[in-house]
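Here's the structure, in structure tokens; my notes come after.
One-based numbering, in listed order, for ligands and for the atoms of each. Side chains included, hydrogens not; waters and symmetry mates left out as well; all remaining heavy atoms used.
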Amino acid sequence: MLKVDNLSAGYGDIIAIRDLSFSVEAGQILAFIGANGAGKSSTLMCLMGLVEQKSGSILINGQDISTTTVEARITNGLAIVPEGRRVFPDLNVHENLIVGGHVTEASIMKSGIDYVYTVFPRLAERRGQSAGSLSGGEQQMLALGRALVSQPKLLIVDELSLGLMPKVVDECYAVLETLKQNGIGIILVEQNTERALSVADEIRVLEAGNLVWSGTALDAKNNTALTQSLMGLS
Ligand SMILES: Nc1ncnc2c1ncn2[C@@H]1O[C@H](COP(=O)(O)OP(=O)(O)OP(=O)(O)O)[C@@H](O)[C@H]1O
Ligand SMILES: [Mg+2]
């Protein structure tokens, strides 16, 4: 579904990621692991069109979206849960979800919002409450929910578990598991290596903007030297 070849991206003269190639199939979870500054967020943001792509290609179902706008990528089935959640604090829960569907056809947005309220009843209860007054866990649910309103085919999630209690993280991951079963492709960045290894099908390790290890989560788990160095990161 997603095929990325020789992707390089950065900020002005700074190259944050170099020559990355990877792909994601429908119903597959791919996790990026790496130290702070390795280029994980830059990779995800570049897929969304939010960080400048220097070279390479990004294909969705065979169509190159490299030069398209963020809005066009959302219409093409991509959505992101950004690092740090970035909910709109002064808007209420429902308004945040509407923002998530702003480029999406009204009927899809409506069923998307209904779906979010079904999987996160706590958001439904707090639909009129300002996002800034939600707990950290509720804000993460809202950030995830906002990305789901457009009913993406490929969901991109940056640091879902950061700073959250395990119970909330479990709740969010249960939703990702359901999406996977429904054929949604998922790209994760997860600082919790153990969780990444347990939920992902495929693992990619980034170091200073380069892909230094690629393989299945099973191969990663069986590679003692690799898991030891990865555990040291989280
Ligand atoms: N807005 C920016 N302007 C300039 N350089 C940036 C910017 N954002 C990130 N970088 C640089 O790009 C590189 C990769 O950063 P990135 O945020 O992608 O790393 P990361 O793997 O997500 O790290 P973390 O685990 O801390 O979130 C770093 O060297 C960083 O300093
Ligand atoms: Mg990051």
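Taking 4.5 Å as the limit, some side-chain heavy atom of Leu155 sits within range of a side-chain heavy atom of Leu148. Counting only heavy atoms from C-beta outward, the side chains of Leu154 and Ile186 never approach each other to under 4.5 Å.
Side-chain contact check for Ser42 and Tyr11: at least one donor-acceptor pair (N or O, by modelled atom type) lies under 3.5 Å. Judged by distance alone, the side chains of Gln151 and Ser111 do bring a donor and an acceptor atom under 3.5 Å apart. Side-chain N/O atoms of Tyr117 and Glu125 include no donor and acceptor closer than 3.5 Å. The closest side-chain donor-acceptor pair between Ser41 and Asp158 falls under 3.5 angstrom.
Considering both main-chain and side-chain atoms, Gly34 never comes within under 3.5 Å of ligand 1 through any nitrogen or oxygen pair. Residue contacts with ligand 1: Gly37 is placed with a nitrogen or oxygen under 3.5 Å of a nitrogen or oxygen of the ligand (distance criterion only). Considering backbone and side-chain atoms together, Thr43 places no N or O closer than 3.5 Å to any N or O of ligand 1.
The same ILVMFWY cluster, assembled from side-chain heavy atoms under 4.5 Å apart, contains both Val175 and Leu142.
Ionic pairing of Arg204 and Glu202 is present here: one or more N-O contacts between side-chain nitrogen and carboxylate oxygen are shorter than 4.0 angstrom. Ion pair Glu52/Lys54 flagged as a salt bridge, since at least one NZ, NE, NH1 or NH2 atom sits closer than 4.0 Å to an Asp/Glu carboxylate oxygen. Of the charged side-chain nitrogens involved, none lies within less than 4.0 Å of a carboxylate oxygen, so that Glu83 and Lys40 do not count as a salt-bridged pair.
There is a protein heavy atom closer than 4.0 angstrom to atom 10 (N) of ligand 1. Within a 4.0 Å radius of atom 30 (C) of ligand 1, the protein contributes no heavy atom.
Protein heavy atom in closest approach to atom 2 (C) of ligand 1: Tyr11 CD2, 3.3 Å. The single protein non-hydrogen atom nearest to atom 25 (O) of ligand 1 is Lys40 NZ, 2.7 Å, given as residue, atom name and distance.
For the Mg ion (ligand 2), the set of nearby N, O or S atoms under 2.8 Å includes one belonging to Ser41. Metal site remark for the Mg ion (ligand 2): Glu83 contributes an N, O or S atom at a distance under 2.8 Å.
Closest to atom 24 (P) of ligand 1 by heavy atom, among Asn36, Val51, Ile17, is Asn36. Selection from Gly84, Ala38, Gly10, Ser42 by nearest heavy atom to atom 18 (O) of ligand 1 gives Ser42.
Counting the atoms of ligand 1 from 1 in the order shown, those under 4.0 Å from a heavy atom of Glu83 are 27 (O). Close contacts between ligand 1 and Ser41 involve ligand atoms 17 (O), 18 (O), 20 (P), 22 (O), 27 (O) [criterion: under 4.0 Å to a heavy atom]. Short contacts between ligand 1 and Ala35, defined as distances under 4.0 Å to a heavy atom of the residue, involve ligand atoms 21 (O). Applying the 4.0 Å criterion to heavy atoms of Ala16 picks out, from ligand 1, the atoms 12 (O), 13 (C).
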